[in-house]
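A short worksheet on the structure shown next.
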Amino acid sequence: MKYLTYYENNEIISTKDYKEAVDKLKMKNKKDTVQKYILHKYAFTFCLEEVEDSSQYYLCRKQSDSIQFYLEKKSVQGNLISKQREEIREEEGEQILRGEIQWMKDDERTLVRDFYLQSMLNELKYSHMMEFVREIYHYDKQDYVVFDKAIRRQVDQYFLECLFEDDVKVSVRRAKTIPRYILNMLSNIEPVTEQWVYA
């Protein structure tokens, strides 16, 4: 399982400001570190009213040159965001969306078993899907700038635009690292690799 913690600040900017920001980022960092992809986040919510859990669960599909599927558990405290992620196969993702989750009960992956447990005990159910057209630029050290050029929410068979036509959502993410000795005490936790920073 991958674990990532970072601070995030968000703002809505115009397309003109987005283009100027991208030009400055490219000048600052000569390396070709931009990633562009489409991210589908299938959100699951607790159906029981008495469940007061700040964590949010997602099934994610990231599409660029290849397609990646993973489960994500996200916790937010102010501007600090913590995420746990576990890669899964495409067939497993399709099973989850169909509600076929019995196989998750005895899976060796911690987050997969947690998802199953929350589904059984606290009625974690599929809610909606969000689509992001995303660009990520490396800024400094472990800091990244995330641009969402389009955000859509699926309602039945239709998509609702969550941004105005000339708007771009920008997020600045500054990594908060966990000391290695703490990570070593946590079972099945690995430090994040760059491929996981982007989603």
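The figures here come from the full heavy-atom set of this structure, side chains too, leaving out hydrogens, waters and symmetry mates. Positions are given from 1 along the sequence.
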Q | Gap separating the CD atom of Gln35 from the CG atom of Asp65, nearest 0.5 angstrom | A |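 Separation between the atoms: 9.0 Å.
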
Taking salt bridge (Lys or Arg N to Asp or Glu O under 4.0 Å) as the test, write out the residues that go with [X], two or more places apart.
X: Arg89; answer: Glu91, Glu92
X: Glu11; answer: none
X: Lys24; answer: none
X: Glu94; answer: none

**Q.** Co-members of the apolar cluster containing Tyr7 [side chain, <4.5 Å]
**A.**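 Tyr7 clusters with Leu80.
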
Q.
My understanding is that a hydrophobic cluster links ILVMFWY residues whose side chain heavy atoms are under 4.5 Å apart, including indirect links. Using that, what else belongs to the cluster containing Val172?
A.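 None; Val172 is a cluster of one.
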
Considering non-hydrogen atoms only, spot the tightest contact between [X] and [Y] and give its length.
X: Ser55; Y: Lys73; result: OG-CE, 3.4 Å
X: Arg113; Y: Glu108; result: NH1-O, 3.0 Å
X: Val112; Y: Glu86; result: CG2-CG, 4.3 Å
X: His128; Y: Gln154; result: CB-O, 4.2 Å

Q | For Phe44, all residues meeting ring-ring contact (aromatic ring centres under 6.0 Å, His included), sequence neighbours excluded | A |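 Here the qualifying residues are Phe115, Tyr126.
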
Q) Who passes ring-ring contact (aromatic ring centres under 6.0 Å, His included) against Phe147, sequence neighbours left out? A)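 Listed in chain order: Tyr18, Tyr137.
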
Q.
Among residues at least two apart in sequence or on other chains, which ones pass side chain to side chain donor-acceptor pair (under 3.5 Å) with Ser119?
A.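 If we apply the side chain to side chain donor-acceptor pair (under 3.5 Å) test to Ser119, skipping adjacent residues, there are no hits.
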
Q. Sequence neighbours excluded, which residues qualify as side chain to side chain donor-acceptor pair (under 3.5 Å) partners of Glu100?
A.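 Per chain and number, Glu100 pairs via side chain to side chain donor-acceptor pair (under 3.5 Å) with Arg98.
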
Q | Stepwise salt bridge (charged side-chain N to carboxylate O under 4.0 Å, His left out) test for Asp143 and Arg174 | A | CA-CA 5 Å; Asp143 299 343; Arg174 300 184 182 279; 2.9 Å; yes

Under 3.5 Å, which donor-acceptor pairs do the side chains of residues 156-167 form with other protein atoms, sequence neighbours left out?
{"residue": "Glu161", "atom": "OE2", "partner": "Arg152", "partner atom": "NE", "Å": "2.9"}
{"residue": "Asp166", "atom": "OD1", "partner": "Thr15", "partner atom": "OG1", "Å": "2.9"}

Q: Please list, chain by chain and in numerical order, all residues satisfying side chain to side chain contact (heavy atoms under 4.5 Å, CB included) with Asp17, sequence neighbours excluded.
A: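 Testing Asp17 for side chain to side chain contact (heavy atoms under 4.5 Å, CB included), a comparison that skips the adjacent residues, returns Ile13, Ser14, Glu20.
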
